[in-house]
Protein chains: 2
Amino acid sequence: MDQLYLQNQLCFPLYALSRQMTALYKPHLKKLELTYPQYLVMLLLWEHKNLSVKQIGCELWLDSGTLTPMLKRMEETGLLTRHRSTEDERVVNIHPTKEGRLLQKKAIGIPENIFSELSISHSELKSLKKELSAMLKSLEKK
Amino acid sequence: MDQLYLQNQLCFPLYALSRQMTALYKPHLKKLELTYPQYLVMLLLWEHKNLSVKQIGCELWLDSGTLTPMLKRMEETGLLTRHRSTEDERVVNIHPTKEGRLLQKKAIGIPENIFSELSISHSELKSLKKELSAMLKSLEKK
DNA sequence: CGAAATTAGATTGTGCACAATTAATAAAGA
DNA sequence: TCTTTATTAATTGTGCACAATCTAATTTCG
């Protein structure tokens with residue numbers, strides 16, 4: 001029965017910490033008028049410049065039910081464009097606009113700022129990220 | 001600029017893994033007709049039998065905007081009761097019903113089952129939980 | 001005591017998340 | 001070829017999450 005105590009649950013600190021970390025990003029992202037999931041999309045678009053909805057979904061582990069309305073909101077605020085591919089009309093390609101690309105400048109300091117708010121060393125952070133990434137990857141196929 | 005690559009983000013694997021872990025619980029919780037946040041509430045009620053909304057919120061790091069409608073749904077499905085305290089009428093006390101308490105029997109195997117689906121050792125799990133809990137605790141004051 | 005500050009919960013509005021379904025298109029195979 | 005199967009997005013509906021605001025009740029303190 002011990003396993004059914006909240007304090008003995010594996011998953012709860014993961015769930016709570018994830019939300020608190022998002023909350024930590026919030027004041028920084030508010031300056032860019034981005035939510036955390038939108039920030040993740042912009043990270044991808046700053047790096048790749050052209051991705052399909054499907055590709056974004058694969059990277060972020062999100063489906064079209066989440067992405068379609070989110071990308072539409074981001075299109076409305078002028079961060080990106082959505083165009084159905086002519087080669088394969090099932091595909092919708094996402095590009096950052098100029099405004100979207102320029103937003104990267106404002107985002108440069110964010111990771112550093114977040115890190116400074118955490119009472120954790122760089123090496124601890126790195127190993128934690130590695131463990132979580134490995135665990136995430138192990139769930140890939142299911 | 002490297003810090004702005006998705007793969008170099010600390011927070012992303014936390015965010016993605018948290019959602020995937022919730023997804024892992026889903027088929028198990030479906031048998032009990034619970035969502036993951038509802039399961040967390042039931043864990044608390046199995047242990048304590050009488051908690052205020054405030055206390056549940058403190059434990060789970062959730063506010064009344066999330067809890068009030070969730071607890072109302074759980075009241076409707078007969079898992080718990082909501083009664084305003086007579087001593088302090090600002091307080092709403094939550095009790096599990098008999099049905100709610102009996103649901104614990106069905107939940108007993110869940111932690112074990114989840115663990116068996118993870119390719120991770122008991123000690124790794126324990127240390128990971130410890131790290132995440134410590135990090136969560138360090139964010140407590142903000 | 002009595003006004004001001006604090007606290008607990010409810011409400012409203014926005015934005016994810018995701019299951020389930022649908023529609024359109026493309027690819028594969030008999 | 002033509003039918004079946006798979007793929008990609010969009011849509012619909014439900015349930016969190018949380019900011020902001022509101023109401024009512026309780027504490028605090030001059």
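This structure is a prediction, so every number in the text was calculated from the model and none was measured. Quick note on labels: first sequence line is chain A, next is B, and so on, each numbered from 1.
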**Prompt:** Which part of the nucleic acid, if any, lies within contact of Leu62(A), taking any heavy atom under 4.0 Å across all strands shown: a base, the sugar-phosphate backbone alone, or nothing?
**Reply:** sugar-phosphate
**Euclidean distance, atom CG of residue Asp88(A) to atom P of dT25(C) [Å, nearest integer]** = 10 Å
**Item:** Any side-chain heavy-atom pair of Leu17(B) and Met21(B) under 4.5 Å
**Value:** yes
**Fill in**
Heavy-atom nearest nucleotide on DNA chain D taken for Leu67(A) and for Lys30(A); more 5' hit belongs to Leu67(A)
**Request:** Specify the residue among Gly65(B) and Asp63(A) whose closest nucleotide of DNA chain C lies further upstream toward the 5′ end.
**Result:** Gly65(B)
**Prompt:** Does a donor on one side chain and an acceptor on the other come within less than 3.5 Å for His48(B) and Glu59(B)?
**Reply:** no
**Request:** Report yes if the side chains of Asn93(B) and Asn50(B) come closer than 4.5 Å at any heavy-atom pair, otherwise no.
**Result:** yes
**Prompt:** Whole Å only: how far is the CG atom of Leu51(B) from the P atom of dA8(C)?
**Reply:** 14 Å
**Item:** hbond_proxy Arg90(A) side chain to dT25(C) base (donor-acceptor, 3.5 Å cutoff)
**Value:** yes
**Message:** In this structure, how many angstroms lie between the C1' atom of dT8(D) and the CG atom of Leu71(A), rounded?
**Reply:** 14 Å
**Asked** Do Phe12(A) and Tyr39(B) come close enough that some side-chain heavy atom pair is under 4.5 Å?
**Response** no
**Message:** dC18(C), OP1 or OP2 - any side-chain N/O from Arg19(B) closer than 4.0 Å?
**Reply:** yes
**Any Gln38(B) side-chain N or O less than 4.0 Å from OP1/OP2 of dC16(D)** = yes
**Prompt:** Between dT11(D) and Lys72(A), is there an OP1 or OP2 to side-chain N/O distance shorter than 4.0 Å?
**Reply:** yes
**Asked** Hey, does Leu128(B) have a side-chain heavy atom less than 4.5 Å from the side chain of Leu132(A)?
**Response** yes
**Message:** Please classify the nucleic acid contact of Ser52(A) as base, sugar-phosphate, or nothing, using heavy-atom distances under 4.0 Å.
**Reply:** sugar-phosphate
**Prompt:** Across the strands shown, which category fits Glu87(A) at heavy-atom distances under 4.0 angstrom: base, sugar-phosphate, nothing?
**Reply:** sugar-phosphate
**Request:** State whether Ser64(B) places a side-chain N or O below 4.0 Å from either non-bridging phosphate oxygen (OP1 or OP2) of dG9(C).
**Result:** no
**Item:** Rounded distance (Å) that lies between atom P of dA19(D) and atom OH of Tyr25(A)
**Value:** 17 Å
**Request:** Determine: side-chain N/O of Lys26(B) to OP1/OP2 of dG15(D), distance under 4.0 Å, yes or no.
**Result:** no
**Request:** Determine: side-chain N/O of Thr35(B) to OP1/OP2 of dC16(D), distance under 4.0 Å, yes or no.
**Result:** yes
**Prompt:** Rounding to a whole Å, what distance do you find between Tyr36(B):OH and dA19(C):P?
**Reply:** 16 Å
**Prompt:** Side-chain N or O of Arg82(A) less than 4.0 angstrom from OP1 or OP2 on dA9(D)?
**Reply:** no
**Message:** Whole angstroms only, please: what is the CZ-C1' distance between Arg73(A) and dA17(C)?
**Reply:** 11 Å
**Message:** Nearest whole Å is fine: how far is dC18(C) P from Met70(A) CE?
**Reply:** 12 Å
**Request:** Please figure out whether Val92(A) or Gln20(A) has its closest DNA chain D nucleotide nearer the 5' end.
**Result:** Val92(A)
**Item:** Euclidean distance, atom NZ of residue Lys54(A) to atom P of dA6(D) [Å, nearest integer]
**Value:** 14 Å
**Item:** Atom NZ of Lys54(A): over 12 foreign heavy atoms under 6.0 Å
**Value:** no
**Prompt:** Arg84(A) has a side chain; which of dT11(D), dC18(C), dA9(D) sits nearest to it?
**Reply:** dA9(D)
**Complete:** Considering only heavy side-chain atoms of Glu89(A), the closest of dC18(D), dA26(C), dT11(C) is dA26(C)
**Asked** dC16(C) phosphate, OP1 or OP2: any side-chain N/O from Tyr15(B) under 4.0 angstrom?
**Response** no
